Amino acid sequence: TSTKTKIANFEFDNCIMNAAGVLCYDKDELAKILNSAAGTFVTKTATLEPREGNPEPRYHDTRLGSINSMGLPNLGFDYYLDYLLELKKTHPKRTFFFSLVGMSQNDTHTLLRKVQESNFDGITELNLSCPNVPGKPQIAYDLETTEKLLTDIFSYFKKPLGIKLPPYFDLVHFDQAAAVFNKFPLSFVNCVNSIGNGIIIEDEKVVIKPKNGFGGIGGEYVKPTALANVHAFYQRLKPSIQIIGTGGILSGRDAFEHILCGASMVQIGTTLHKEGVSAFSRITSELKEIMEKKGYKSIEEFKGKLKYL
Ligand SMILES: C=Cc1c(C(=O)O)[nH]c(=O)[nH]c1=O
């Protein structure tokens, strides 16, 4: 039984990895994932210049998940590119994900042109769904802007590229979004980013400082929405655009459900933040156990095979 997978024609020994933003801020954190049971890693979403992010407290775990309004703190594009190029020398056979977004469309083009011209030969994940930069709407909720951005990007960007999406909640929005994405040579869509702008309260107070306590929700709260987005896009997108499933994965069972809905790779966020990298080996062995019980030798045998009543 193997949990190996392929994304953009790259092979990974394991279809389980981290979600951008969790345990991927610097080289030390990324090295922990590199040396864990995870199949690969994605960096914290990088912007052109380093960012401090929002005032703390800006992350809070709850029994059922998490809330965050980090505000895109990161060490800047060059830091992550340098590390990724270093890894080409020390780990030439491995493929990694580089998450990025500009604070403006121009910045996004500057970043992607830098990637295009660099020796980075992994996979780029363009984050179209950060819910926590005050004054900046989530790009992917504006399909006209998204289409224009992708049109411009694919006029010069020729390396593997996927997009990180916010959750959609309306079947017509799935149709409209899929119609846009199907126009482009995307390697994947990653569903879903945190559910934007929830509130968690303890006693009479919010638990995070930014935005009067409004923040992105992750964990058990979001699995039904994550599974629906994975499956909706799996049903609607052309086969060349794969699905990465993110959201509410605490166990091998949850990973199994994401793959059943059509995911070719699954990403762990809140659970990784709570448990650390041992979550990767635990979830992988739980998934393998389920596959063995059901007689599945590879994830291809049940990927997308969700049954209807
Ligand atoms: C990249 C910004 C994001 C952040 C953040 O840095 O606040 N939090 C999320 O839950 N998702 C994001 O995409």
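Keep in mind that this is a model prediction, so the values were computed, not measured. We count ligands from 1, going down the list as the structure has it; atoms in each ligand are counted the same way.
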N/O to N/O under 3.5 Å, ligand 1 against protein:
{"unit_1": "ligand 1", "atom_1": "6 (O)", "unit_2": "Lys44", "atom_2": "NZ", "d": "2.9"}
{"unit_1": "ligand 1", "atom_1": "6 (O)", "unit_2": "Leu72", "atom_2": "N", "d": "2.8"}
{"unit_1": "ligand 1", "atom_1": "7 (O)", "unit_2": "Asn68", "atom_2": "OD1", "d": "3.4"}
{"unit_1": "ligand 1", "atom_1": "7 (O)", "unit_2": "Met70", "atom_2": "N", "d": "3.1"}
{"unit_1": "ligand 1", "atom_1": "7 (O)", "unit_2": "Gly71", "atom_2": "N", "d": "2.9"}
{"unit_1": "ligand 1", "atom_1": "7 (O)", "unit_2": "Asn132", "atom_2": "ND2", "d": "2.9"}
{"unit_1": "ligand 1", "atom_1": "8 (N)", "unit_2": "Asn68", "atom_2": "OD1", "d": "2.9"}
{"unit_1": "ligand 1", "atom_1": "8 (N)", "unit_2": "Asn132", "atom_2": "ND2", "d": "3.2"}
{"unit_1": "ligand 1", "atom_1": "10 (O)", "unit_2": "Asn68", "atom_2": "ND2", "d": "2.8"}
{"unit_1": "ligand 1", "atom_1": "10 (O)", "unit_2": "Ser194", "atom_2": "OG", "d": "2.8"}
{"unit_1": "ligand 1", "atom_1": "11 (N)", "unit_2": "Asn193", "atom_2": "OD1", "d": "2.8"}
{"unit_1": "ligand 1", "atom_1": "13 (O)", "unit_2": "Asn127", "atom_2": "ND2", "d": "2.9"}
{"unit_1": "ligand 1", "atom_1": "13 (O)", "unit_2": "Asn193", "atom_2": "ND2", "d": "2.8"}

*Would Glu56 and Lys209 pass as an ion pair if we require N to O under 4.0 Å?*
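Result for this pair is no, no salt bridge flagged.
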
*May I ask you to decide whether Glu289 forms a salt bridge with Lys293, counting only side-chain N to carboxylate O separations under 4.0 Å?*
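Judged by the 4.0 Å cut-off on N to carboxylate O distance, Glu289 and Lys293 do form a salt bridge.
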
Pairs of donor and acceptor atoms involving the side chains of residues 187-194, under 3.5 Å and at least two apart or interchain, shall be tabulated with distances.
{"unit_1": "Ser187", "atom_1": "OG", "unit_2": "Leu161", "atom_2": "N", "d": "3.4"}
{"unit_1": "Asn190", "atom_1": "OD1", "unit_2": "Thr246", "atom_2": "OG1", "d": "2.7"}
{"unit_1": "Asn190", "atom_1": "ND2", "unit_2": "Glu125", "atom_2": "OE1", "d": "2.9"}
{"unit_1": "Asn190", "atom_1": "ND2", "unit_2": "Gln267", "atom_2": "OE1", "d": "2.7"}
{"unit_1": "Asn193", "atom_1": "ND2", "unit_2": "Ser129", "atom_2": "O", "d": "3.3"}
{"unit_1": "Asn193", "atom_1": "ND2", "unit_2": "Ser129", "atom_2": "OG", "d": "2.7"}

*Between Phe96 and Phe120, does the ring centroid distance fall short of 6.0 Å?*
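Judged by ring-centre distance (under 6.0 Å), Phe96 and Phe120 do not meet the cut-off.
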
Anything under 3.5 Å between a donor and an acceptor, one on a side chain of residues 171-181, the other on a protein residue two or more places apart or in another chain? List them.
{"unit_1": "Asp175", "atom_1": "OD1", "unit_2": "Arg236", "atom_2": "NE", "d": "2.7"}
{"unit_1": "Asp175", "atom_1": "OD1", "unit_2": "Arg236", "atom_2": "NH2", "d": "3.3"}

*Taking only residues two or more places apart in sequence, or in another chain, which ones meet Asn14 in a side chain to side chain contact (heavy atoms under 4.5 Å, CB included)?*
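Partners of Asn14 under the side chain to side chain contact (heavy atoms under 4.5 Å, CB included) test: Thr3, Ile16, Thr284.
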
